[in-house]
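Working notes, structure below.
Naming: A, B, ... by sequence-line order, numbering from 1 per chain. Just so it is clear, the structure is predicted and the values come from calculations on it, not from any experiment.
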Amino acid sequence: MPYTTNDIKSIEAKWQEYWDRHQTFRVEADSTKKKYYVLEMFPYPSGKIHMGHVRNYTIGDVIARYKIMQGFNVLHPIGYDAFGQPAENAAIKHKTDPGEWTYRCIDQMHEELKRMGFSYDWDREISTCDSEYYKWNQWVFLKMFERGLAYKKTSSVNWCPSCQTTLANEEVIDGTCWRCKSLVVQKDLEQWYLKITHYAESLLKDLKQLQDWPSRVRIMQQNWIGKSFGMEIYFKVKDSQEVITVFTTRPDTIFGATYVVLAPEHPLVKKWVSGIKEEKDVLAFIEKTANKSKSLRMSGDQRKEGVFIGRHAINPVNGETIPIFIGDYVLMEYGTGAIMAVPTNDQRDFEFARQYHLPMRIVIQDPKNLKINIEQMAEAYEGTGVLVNSKQFDGINNEEAKEKIAQWMQKEHMGKISVHWRLRDWLISRQRYWGTPIPVIYCESCGAVPVPYDQLPVHLPKNVEITGQGGSPLNRIETFVETICPKCFKPARRETDTMATFFDSSWYFLRFCSAHNNKEIFKKQEAKYWMEVDQYIGGIEHAILHLLYSRFFTKFFKDLGLVDFNEPFKRLLTQGMVLKDGEVMSKSRGNTVDPDEVLSKYGADTLRLFILFAAPPEDQLEWNSDGLEGAWKFLNRIYQMVDKPIGTDVVQSERTIENIRNELSNYILNISEMDDNDKGLERARNLAIKQITQSFEEGYKFNTAISQIMILANAIDKYTFHMRVAMEGGSPSERFLVFRRKLFLQTRSIETLILLLAPFTPHLCEELWQMIGKKDSTVCKVAWPKFDAAALKQTEVIYAVQINGKIRGQFTAPVTASQEQLCELCMTDTNVTRYLQGATIKKFIVVPNKLVSIVV
RNA sequence: GGGCGGGUGGUGGAAUCGGUAUACACGCAGGACUUAAAAUCCUGUGGCCGUAAGGCUGUGAGGGUUCAAGUCCCUCCCCGCCCACCA
């Protein structure tokens with residue numbers, strides 16, 4: 001009988017219960033075993049899992065289960081990234097406690113993950129909002145504070161008016177908040193930062209080690225870190241002692257610098273502005289720029305605006321007096337907040353110069369077009385070329401001149417060779433409730449004092465009213481704020497900002513190594529055994545934020561001597577998005593498919609199989625309910641294959657199929673008795689093992705792995721059909737001998753099929769493994785099958801014949817055939833002979849075991 | 001503007017050290033079973049021509065290299081993602 005939804009439900013529940021009861025996936029560090037650490041990015045516990053989760057965790061689960069069958073000691077944990085704003089938003093909306101809401105969601109999520117049959121070590125389940133976890137956040141913070149890597153400074157920060165909190169640069173997307181999409185504004189605030197820039201060099205350099213990461217993630221990080229080589233050049237200010245330092249990557253163009261531009265926020269501007277005749281214009285301009293949102297100001301198409309500031313600078317290389325402007329296209333945060341403008345070689349400077357009728361000078365000529373002249377220029381020339389109007393450097397190629405001019409200027413003290421980074425320090429203060437309290441106490445006499453280690457954790461107070469108004473909620477909790485200074489014991493106040501939640505997820509992979517250790521952040525020996533993460537899986541959206549922060553923390557832990565590696569994730573797989581009707585599935589689009597509904601109709605195995613079969617893991621996946629139905633049918637077919645094999649109707653004896661199968665355990669196959677069908681089946685079986693193993697080892701091409709399983713299933717069905725034919729005729733005893741051999745081969749193929757399918761659809765395969773008589777073993781722990789190269793050898797192959805580049809026929813030849821034999825065999829195809837009639841063969845090319853190509 | 005992917009049947013996708021394009025699946029069509037439907041099984045399925053054998057054509061467009069090109073080279077078009085007044 002075909003199975004039903006109810007059968008599937010009971011099969012899946014049965015095995016989930018079995019794995020639980022036997023703690024099948026619980027692991028311990030054991031140095032005698034080779035380890036493998038598979039990790040999927042842990043979820044934010046919003047309650048229900050979505051298809052993106054299903055895809056992410058299914059991919060991880062298949063890898064984990066495959067590695068277990070390969071004999072590895074596999075660590076495969078799960079947890080919850082449980083702090084964050086949705087809990088507060090829910091609290092405001094439903095008037096509940098964020099903690100209560102979060103723990104309820106975690107329970108629900110836990111149940112849903114269990115229903116998917118994932119092979120997690122549930123003993124290591126963690127939540128970042130537990131004090132036993134966030135205590136160690138505070139510990140890490142204090143360690144960083146001790147080393148000057150956590151510090152407080154006032155600066156212009158990104159502020160989301162809707163979330164009422166600050167944001168890291170990485171959290172600002174196109175000038176909007178990454179979470180709520182509202183326009184981010186700039187505010188001057190005193191905030192806590194982590195000195196990620198301290199590791200800029202190694203964060204960049206070590207990307208080279210990450211050969212098993214997608215190259216685009218490496219490139220994105222590289223661009224984000226943004227190392228640029230160049231020099232700082234000093235421009236003396238005319239009639240003043242002041243010097244403007246600019247940063248440039250193009251010292252080769254210094255002779256073409258015809259003005260200088262400062263960022264409106266540049267400190268020299270404030271100093272100079274009062275009393276000059278342009279004062280009003282300058283102040284108006286500064287205010288106008290400040291009011292512009294950062295996103296508007298930074299968009300490239302924006303018309304560049306600026307204003308003359310009433311002063312001049314001296315170009316150090318030629319002594320020219322050039323005007324100083326302030327301009328909205330110069331950013332205070334990058335470089336020195338000041339630039340030298342070379343309009344002929346920089347498009348932005350060119351546009352600005354044209355607009356304000358500023359002078360230009362050509363200093364690089366395009367060797368292909370020596371007639372570049374200022375009047376006819378429509379845009380800046382940003383290509384390479386030969387220097388002109390540059391005194392002793394005339395005639396030198398500009399790439400070469402970069403180095404020469406830089407060296408010369410440095411020697412003449414006109415500037416210094418330097419490197420600038422795009423990467424900024426990481427702002428971690430958040431004016432929110434639902435996060436880790438920053439463990440600092442402010443004392444009037446002692447200043448900012450770290451909370452002593454023995455007073456950790458600083459507990460997040462419970463029963464706090466969340467209104468979403470009026471700044472940090474913790475600020476209003478007197479019992480939390482009021483404390484005493486650990487140094488001088490005078491009354492003091494606690495820091496009320498909490499940490500950005502990316503802090504929590506920057507080291508959770510290490511916590512999994514010693515999930516519930518309350519003495520240390522993690523056990524050094526356990527981390528040494530389990531780390532690094534061998535395979536990490538998650539969405540591309542974390543290519544910069546989370547992955548960069550995790551790399552930063554790992555490097556810090558190495559400096560602390562806690563770990564002896566400097567990269568956390570050996571291999572990274574970024575899974576594609578799940579789409580429906582060509583668009584990303586999302587609540588806001590209203591095109592989601594609830595995994596729960598799919599589970600109640602088809603069960604976890606069907607869902608898993610469909611998701612893995614529909615597209616390679618890294619590609620986008622288009623949801624297709626027909627495809628889901630197809631996966632269901634396939635699994636049903638496999639079930640039939642095991643449930644109702646050929647046999648009972650063929651064997652004319654009292655033996656049942658079951659006791660024949662029992663006898664088969666002692667059966668010895670006589671290879672010489674095998675007919676072509678037997679050999680074909682064995683070939684298909686071994687080919688499947690070979691190719692599926694290969695799809696696991698060479699990138700995770702699960703879609704083609706599954707198609708190989710289907711091919712094997714087709715071969716078994718075909719073989720079963722031939723079995724019936726082979727049973728016809730002969731005496732009952734003769735028939736029995738043939739039947740026994742065939743049943744042996746068929747059973748062996750079915751067994752192989754179950755093993756190969758087990759990582760993908762674990763529940764059904766456990767059930768089938770039992771049905772086929774393997775009552776004493778759990779399929780998920782059976783050794784992965786190995787293939788027999790001898791069975792793959794063919795004695796004959798089909799050759800295609802190409803005549804003048806077109807396929808004209810084919811023939812069968814022994815694999816050992818010589819060129820002469822092949823030439824003769826060609827002629828056995830009548831279509832080929834027709835084409836060769838009356839023609840002279842000019843060339844005869846043989847591609848071994850594939851084709852022959854004849855040129856006539 | 002810069003960087004990185006990608007463009008293959010009606011659909012999801014196979015095949016890229018150059019070697020029979022469209023594996024596997026979905027869908028569709030026809031058939032078997034059934035009073036009927038569902039399920040299941042069998043057959044067919046890029047397009048055009050042909051009863052057939054077979055022929056022509058076909059991997060975004062155009063050109064090139066080669067006995068042979070989805071794959072390599074040149075020119076161009078389109079789509080997706082990321083970054084972006086970063087000096």
Side-chain angles (χ1 to χ4, degrees), chain A residues 1-2 173-174 214-220 222-224 226-228 230 233 246-250 253 261 263 297-304 327-331 333-342 345-349 351-352 382 420-423 540-541 543-544 574 576-577 582 609-610 613-616 618-631 633-634 636-637 640 701 703-711 713-714 717 721 798-810 830-831 834 842-856:
Chain A
M1 284 293 287
I173 313 295
D174 282 335
S215 61
R216 65 173 181 143
V217 175
R218 292 202 314 261
I219 289 165
M220 279 160 76
Q222 189 183 316
N223 292 340
W224 189 264
K227 184 178 191 177
S228 33
I233 297 177
V246 306
F247 175 70
T248 183
T249 54
R250 296 291 306 270
T253 64
V261 190
R297 191 171 151 194
M298 297 220 298
S299 75
D301 340 313
Q302 188 68 14
R303 209 170 89 138
K304 287 151 192 59
D328 60 358
Y329 74 105
V330 177
L331 307 173
E333 303 89 80
Y334 187 76
T336 58
I339 62 154
M340 64 176 205
V342 185
N345 296 104
D346 182 290
Q347 184 59 23
R348 295 156 302 180
D349 298 342
E351 287 169 28
F352 191 83
E382 293 182 336
H420 277 260
W421 302 85
R422 221 193 70 118
L423 184 70
I540 186 77
E541 66 274 19
I544 295 172
T574 49
M577 303 238 182
L609 186 71
F610 164 71
F613 182 56
E618 313 224 45
D619 287 12
Q620 297 192 326
L621 183 146
E622 174 71 33
W623 184 261
N624 178 336
S625 45
D626 285 338
L628 194 65
E629 190 72 31
K633 283 181 188 171
F634 174 72
N636 207 328
R637 204 179 122 206
Q640 300 311 313
K701 298 272 181 188
N703 56 332
T704 49
I706 291 167
S707 81
Q708 291 298 332
I709 294 174
M710 290 170 168
I711 291 170
N714 292 347
D717 272 351
F721 174 79
I798 295 170
Y799 272 86
V801 185
Q802 252 180 8
I803 295 167
N804 287 344
K806 287 193 188 283
I807 300 294
R808 294 301 179 189
Q810 59 175 43
T830 51
N831 205 39
R834 191 158 64 83
K842 283 193 198 148
K843 243 183 184 177
F844 190 83
I845 299 154
V846 176
V847 183
N849 297 331
K850 284 219 164 115
L851 60 71
V852 295
S853 184
I854 304 168
V855 189
V856 297

Could a donor-acceptor pair under 3.5 angstrom be found where the side chain of A:Lys304 meets the base of B:C85?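 Answer is yes: a donor-acceptor pair is held.
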Taking donor-acceptor contacts at under 3.5 Å, does the side chain of A:Gln802 reach the base of B:G19?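 Answer yes: a donor N or O sits under 3.5 Å from an acceptor.
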B:G9: syn or anti, with syn meaning chi within 90° of zero?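 Syn conformation here, the glycosidic angle of B:G9 being no more than 90° from 0.
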Remember a base hit wins even if backbone is also touched, and classify [X] as base, sugar-phosphate or nothing at under 4.0 Å, heavy atoms.
X: A:Ile807; result: sugar-phosphate
X: A:Lys842; result: nothing
X: A:Phe613; result: base
X: A:Pro214; result: nothing
X: A:Gln620; result: sugar-phosphate
X: A:Ile711; result: sugar-phosphate
X: A:Arg348; result: base
X: A:Ile798; result: base
X: A:Arg808; result: sugar-phosphate
X: A:Asn714; result: sugar-phosphate
X: A:Asp619; result: nothing
X: A:Asp626; result: sugar-phosphate

Distance in angstrom units between A:Met220 CE and B:C81 C1', rounded: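 The answer, rounded to whole Å, is 8 Å.
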From the options B:C83, B:G12, B:A87, select the nucleotide whose nearest atom is closest to the side chain of A:Ile544.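 In terms of side-chain proximity for A:Ile544, the closest of B:C83, B:G12, B:A87 is B:C83.
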